[in-house]
Amino acid sequence: TQNQTGGATQNQDEAIEALEQMLEELDNAGRNKDSALRRMLASVIESIEALITRQERELANLADARARGDFTGLDAGMIRLDQNTLGVLAQVREGPGEMRSVGDLLEDASVQQREAIRLLRADEIVADGVAFAEGESLRLLGEAKAEAEKIDEQAQDREQDRKRAELRQAYREALEEQVALSAESGELVGAELTRRQRAGVRSMGARQRTLQERLRALLGEVEGLSESVMFALAHEQLDALMEAAGQTLGRGEVDRGVVLNQSMSVQTLQMLVEALGQPEQEEQEFEDAGGGGGGGGGQGPGARISSAI
């Protein structure tokens, strides 16, 4: 029975590990997909802007031609615009399915451009009809650009959500390690330490410094994190708290100061984890609260973070 229980536990652990690996692969696939989508959208948006500029120029040419009463050669400019529009459309159609709506708008713009060409080649040119078709082309090109920008913003939001989740996980792992260190320190406060225990305490000091270095690296690695007043302040405080705790532990000593510094580190990490679990609007309120005012008199780092939220 014990062997069966052990086998079942092992199978369960393997299933969980397989599931976590699958989720990680899906997340990586999503990250790569959005990255490729945003690169393509940047190119498409730039191309559509060029189409808009060209259509505006053709409308200006049409206005000049109406004033002169001579529409000779205007069809050639619209033909080039339509060819360029179809080129961008082909690029969009070959891209991800998320860009289909952009393609539909470009296709509708091309229809209006061809209508303008047809009217410009008629024996009797109706200027109002040409102006309407070209105006519709311009409107649709503008909508295509706006749609591409909206899709890009959605992809950016997904990227930011993934980054938030990854950052929250990094803080959660740091929190778990700090909680464990704090518990170990608390058990030794006030005790007469043996040589072996002092060696263990020095090992705890090394773990504390390793955690401190991980958090320092995190602040530098995550784009934009150091620019956030709240998170920069939290990291500054964590670094000071962990430095103090690590130095004392490194000497093979444990006192109430170590436990207090570690407890405040736990509190600060908990707040960072909670902040990243909040909707962005609430997180901004968290950020704004932390950005105002200087440090209060006599407040420790953890207390200042506490007052911020």
Side-chain angles (χ1 to χ4, degrees), residues 16-50 52 88-106 141-176 214-236 238 268-291 309:
I16 292 172
E17 184 177 346
L19 177 61
E20 289 176 347
Q21 183 177 353
M22 181 181 70
L23 290 173
E24 183 177 354
E25 289 172 356
L26 287 171
D27 187 58
N28 288 336
R31 182 185 296 107
N32 294 336
K33 180 181 177 183
D34 281 330
S35 179
L37 174 62
R38 295 199 68 200
R39 286 195 300 271
M40 177 167 284
L41 282 166
S43 174
V44 167
I45 290 169
E46 183 179 359
S47 297
I48 294 175
E49 287 173 344
I52 290 172
V88 179
L89 175 59
Q91 179 187 1
V92 170
R93 292 300 191 207
E94 291 173 1
E98 290 92 337
M99 298 175 65
R100 183 178 303 166
S101 55
V102 177
D104 291 342
L105 288 163
L106 289 172
L141 289 172
E143 289 185 8
K145 179 190 173 188
E147 181 68 11
E149 289 171 339
K150 184 181 80 172
I151 295 168
D152 180 63
E153 186 176 336
Q154 291 169 345
Q156 183 182 31
D157 287 344
R158 290 192 295 270
E159 285 185 344
Q160 290 176 344
D161 287 343
R162 275 191 291 270
K163 288 177 181 177
R164 284 165 61 90
E166 290 169 1
L167 184 58
R168 189 168 190 252
Q169 180 61 27
Y171 282 129
R172 185 185 287 117
E173 290 172 0
L175 173 60
E176 291 172 356
R214 274 172 49 196
L215 289 170
R216 281 180 181 172
L218 184 64
L219 184 63
E221 290 169 3
V222 178
E223 184 181 356
L225 188 61
S226 61
E227 297 172 7
S228 163
V229 175
M230 193 67 241
F231 284 85
L233 173 63
H235 272 264
E236 179 183 339
L238 283 168
T268 304
L269 287 166
Q270 284 175 332
M271 291 175 183
L272 291 174
V273 170
E274 290 169 5
L276 287 166
Q278 296 170 351
E280 285 194 33
Q281 182 177 356
E282 293 183 24
E283 184 185 332
Q284 185 59 48
E285 292 173 2
F286 173 90
E287 172 79 19
D288 293 343
I309 63 170

Between CD on residue Gln160 and CD on residue Glu153, distance to nearest 0.5 Å: 9.0 Å
Side chains of Leu218 and Phe231 in contact at under 4.5 Å (non-hydrogen atoms): no
Asp34 to Ala155 - nearest heavy-atom pair and separation: OD1-CB, 3.9 Å
Would you tabulate the side-chain donor-acceptor contacts of residues 91-100 under 3.5 Å, counting partners in other chains and residues two or more places apart, or write 'none'?
{"from": "Gln91", "atom 1": "NE2", "to": "Ser43", "atom 2": "OG", "distance (Å)": "3.2"}
{"from": "Arg93", "atom 1": "NH1", "to": "Arg100", "atom 2": "O", "distance (Å)": "3.4"}
{"from": "Arg93", "atom 1": "NH1", "to": "Asp104", "atom 2": "OD1", "distance (Å)": "3.4"}
{"from": "Arg93", "atom 1": "NH2", "to": "Asp104", "atom 2": "OD1", "distance (Å)": "3.0"}
{"from": "Arg93", "atom 1": "NH2", "to": "Glu107", "atom 2": "OE1", "distance (Å)": "2.8"}
{"from": "Glu98", "atom 1": "OE2", "to": "Lys33", "atom 2": "NZ", "distance (Å)": "3.1"}

Inter-residue atom distance Leu238.CG - Leu215.CG, 0.5 Å rounding: 6.0 Å
All side-chain hydrogen bond (donor to acceptor under 3.5 Å, both in side chains) counterparts of Arg38, not counting sequence neighbours: Asp152, Glu159
Between CG on residue Leu106 and CD on residue Glu143, distance to nearest 0.5 Å: 11.0 Å
Residues in side-chain hydrogen bond (donor to acceptor under 3.5 Å, both in side chains) contact with Glu221, at least two apart in sequence or another chain: none
Charged N-O contact under 4.0 Å between Lys150 and Glu147: yes
From OG (Ser47) to CD1 (Ile52), nearest 0.5 Å: 11.0 Å
Minimum side-chain heavy-atom gap Arg164-Asp161 below 4.5 Å: yes
Pairs satisfying ring-ring contact (aromatic ring centres under 6.0 Å, His included), at least one member in residues 150-175, at least two apart: Tyr171-His235
Results of side-chain hydrogen bond (donor to acceptor under 3.5 Å, both in side chains) for Arg214 - residues two or more places apart only: none
Atom of Ile45, atom of Ala148 and distance for their closest heavy-atom approach: CG1-CB, 3.6 Å
Working for side chain to side chain contact (heavy atoms under 4.5 Å, CB included), residues Leu37 and Ile151: CA-CA 9 Å; Leu37 174 62; Ile151 295 168; 4.2 Å; yes
Neighbour count above 12 (heavy atom, 6.0 Å) for Glu46 CD: no
Glu236: partners by side-chain hydrogen bond (donor to acceptor under 3.5 Å, both in side chains), with sequence neighbours left out: none
Atom pair CD (Glu274) and CZ (Arg172), whose distance is rounded to the nearest 0.5 Å: 11.0 Å
Beyond-backbone contact of Leu175 with Leu272, side-chain heavy atoms, under 4.5 angstrom: no
